[in-house]
Amino acid sequence: MGSLDLKRIVTDAQRAFANAADTVTLENEKARFLGKAGALTKLLKSLSKQLEPEIRKSEGALINAAKQKVKIALNARRQAFADALMNQRLEEEAVDVTLPGRCSGIGSLHPVMQTWERIEQIFNSMGFDVVDGPEIETDWYNFTALNSPENHPARSMQDTFYLDVKDEQGKALLLRTHTSPMQVRYARMKNPPIKSIFPGRAYRVDSSSTHSPMFNQVEGLWIDKNISFADLKGVYTDFLKNFFGRNDILVRFRPSYFPFTEPSAEIDIRFEYGRNARRWLEISGAGQVHPNVLRNMGLDLKRYIGFAFGSGLDRLAMLLYGVDDLRTFFDGDLRFLRQFI
Ligand code: DAH
């Protein structure tokens with residue numbers, strides 16, 4: 001073996017590495033020179049034990065020096081591949097820091113929730129507290145306790161969503177059809193005076209431009225010793241003036257019927273001016289709490305008198321924002337909802 005052979009091996013390796021188009025080829029080429037059966041390894045192994053130790057030593061040193069050169073060429077090429085990969089990545093994943101930032105959307109309250117909060121604030125300012133209640137109700141609280149007879153149409157399976165779960169009386173639980181059950185629930189928990197509102201969701205098998213299977217109501221209950229229908233009328237009229245932010249609202253209490261109030265009224269409103277000027281709009285039911293309901297509340301009829309109202313919260317939102325199809329509130333279409341930010 002001469003130093004010429006070694007030189008050739010080194011230049012062969014350098015050329016092979018330089019020509020390797022990818023890392024796999026490069027590693028294969030490496031095996032050809034430095035692997036177990038590689039040219040240089042073979043040379044090292046072939047150093048005969050019979051050689052003079054001095055010569056063996058110097059030959060070995062030469063081969064190792066050549067091996068070192070090959071390794072340097074290999075590593076240089078490896079580094080070149082790594083650099084190329086890194087540059088490619090940097091190019092692909094480049095961030096243009098001059099582009100405007102992508103902000104995370106803050107979002108805003110749904111118009112119905114804005115209405116809900118507005119109602120809470122106004123009643124709060126008039127001394128009413130706000131109480132939350134269950135949407136899954138028993139037959140007793142939803143109907144019986146509210147003096148609704150067994151054959152009341154609202155009890156029919158078509159009007160209400162029933163659950164497969166039964167209560168202690170063996171009656172199916174249901175999604176409350178109104179927020180009125182909260183009157184009895186709350187009055188059984190808290191001693192009078194009671195001055196509360198109960199906003200919340202209610203459900204009915206109903207769908208049209210003014211009815212949705214899920215809708216929101218706000219119930220009001222006022223129980224004390226010396227109050228009258230005039231108090232209810234004053235409070236509710238004040239609420240409406242605050243809610244719509246105008247004093248020229250006409251409010252009418254029209255005689256009506258509800259099983260849980262006697263006497264009962266329907267509350268209608270009319271604006272002096274504007275698009276709703278022509279007709280009265282029904283906005284709420286109301287009345288003096290029926291003696292049977294007061295009894296179910298566990299109250300002494302001789303000491304206490306109660307007034308209640310139940311208003312369509314979505315209906316109030318429709319009027320406040322001039323929306324004429326209730327369902328648009330619940331479609332979740334951002335183009336519609338963004339108008340109320
Ligand atoms: N719960 C009735 C409904 O959903 C509304 C109502 C009427 C509530 C009169 C009341 C009331 O508290 O006094 O149609």
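As the structure is a prediction and not an experimental result, all values here were calculated from the model.
Residues Ile305 and Ile223 are not in side-chain contact: their nearest non-hydrogen atoms beyond the backbone lie 4.5 Å or more apart. For the pair Leu301 and Arg295, the minimum side-chain heavy-atom distance is below 4.5 Å. You'll find the side chain of Met297 reaches within 4.5 Å of the side chain of Val289, heavy atoms only. Side-chain contact between Pro192 and Leu299 is present, with heavy atoms from C-beta onward closer than 4.5 Å.
With a 6.0 Å radius and a threshold of 12 heavy atoms from other residues, nucleotides or ligands, Lys190 has its NZ atom above the threshold. Within 6.0 Å of CG in Asp164 there are 12 or fewer heavy atoms belonging to other residues, nucleotides or ligands. Glu54 CD: 12 or fewer foreign heavy atoms inside a 6.0 Å radius. For NZ of Lys69, the number of neighbouring non-hydrogen atoms (other residues, nucleotides, ligands) closer than 6.0 Å is 12 at most. In Asp83, the CG atom is crowded: over 12 heavy atoms of neighbouring residues, nucleotides or ligands sit closer than 6.0 Å. Counting non-hydrogen atoms of other residues, nucleotides and ligands closer than 6.0 Å to CG of Asn226 gives a total of 12 or fewer.
Under the 3.5 Å distance criterion, with hydrogens and angles disregarded, no donor-acceptor pair is assigned to the side chains of Glu262 and Tyr257. For the residue pair Glu219/Ser180, the side-chain donor-acceptor check at 3.5 Å is satisfied. Thr138 and Asp167 share no donor-acceptor pair across their side chains, judged by distance under 3.5 Å alone. Counting only N and O atoms by type, the side chains of Asn87 and Glu91 include no donor and acceptor under 3.5 Å apart. No hydrogens or angles considered: nothing links the side chains of Thr25 and Asn28 as a donor-acceptor pair under 3.5 Å.
Taking the ring axis of Phe329 as reference, the NZ or CZ atom of Arg327 does not stay both within 45° of it and closer than 6.0 Å to the ring centre. A cation-pi arrangement is present between Arg118 and Phe243, with the terminal nitrogen or guanidinium carbon under 6.0 Å from the aromatic centre and inside a 45° cone about the axis.
For Gln88, the side chain to side chain donor-acceptor pair (under 3.5 Å) criterion is met by Glu92, not counting sequence neighbours. Judged as a side chain to side chain contact (heavy atoms under 4.5 Å, CB included), and not counting sequence neighbours, the contacts of Asp333 are Arg335, Phe336. Qualifying side chain to side chain donor-acceptor pair (under 3.5 Å) partners for Arg185, counting only residues two or more places apart in sequence or in other chains: Glu137. Take Tyr236 and apply the ring pair (Phe, Tyr, Trp, His ring centres under 6.0 Å) test, not counting sequence neighbours, and it matches Phe239, Phe309. With sequence neighbours excluded, no residue forms a side chain to side chain donor-acceptor pair (under 3.5 Å) with Asn191. Looking at residues two or more places apart in sequence or on another chain, you find no side chain to side chain donor-acceptor pair (under 3.5 Å) involving Gln14.
Tested against Val10 for a side-chain contact (heavy atoms from CB on, under 4.5 Å), the candidates Ile72, Leu40, Val70 yield a single pass: Val70.
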Output, in order, the C-alpha distance, side-chain angles, deciding distance and verdict of salt bridge (charged side-chain N to carboxylate O under 4.0 Å, His left out) for Arg246 and Asp248.
CA-CA 6 Å; Arg246 51 199 295 173; Asp248 58 357; 2.8 Å; yes

Decide yes or no on salt bridge (charged side-chain N to carboxylate O under 4.0 Å, His left out) for Asp159 and Arg204, but give the supporting numbers first.
CA-CA 6 Å; Asp159 278 345; Arg204 278 178 214 175; over 6 Å; no

Stepwise side chain to side chain donor-acceptor pair (under 3.5 Å) test for Asp206 and Ser212
CA-CA 6 Å; Asp206 224 346; Ser212 137; over 6 Å; no

Might you work through the ring-ring contact (aromatic ring centres under 6.0 Å, His included) test for His178 and Phe260, ending with a clear yes or no?
CA-CA 12 Å; His178 49 180; Phe260 34 90; 5.8 Å; yes

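Ion pair Arg32/Glu29 flagged as a salt bridge, since at least one NZ, NE, NH1 or NH2 atom sits closer than 4.0 Å to an Asp/Glu carboxylate oxygen. Salt bridge annotation for Glu135-Arg201: present, with a cationic side-chain nitrogen under 4.0 angstrom from a carboxylate oxygen.
Scanning all heavy atoms of the two residues, the minimum distance from Val293 to Ala145 falls at CG2-O, 3.7 Å.
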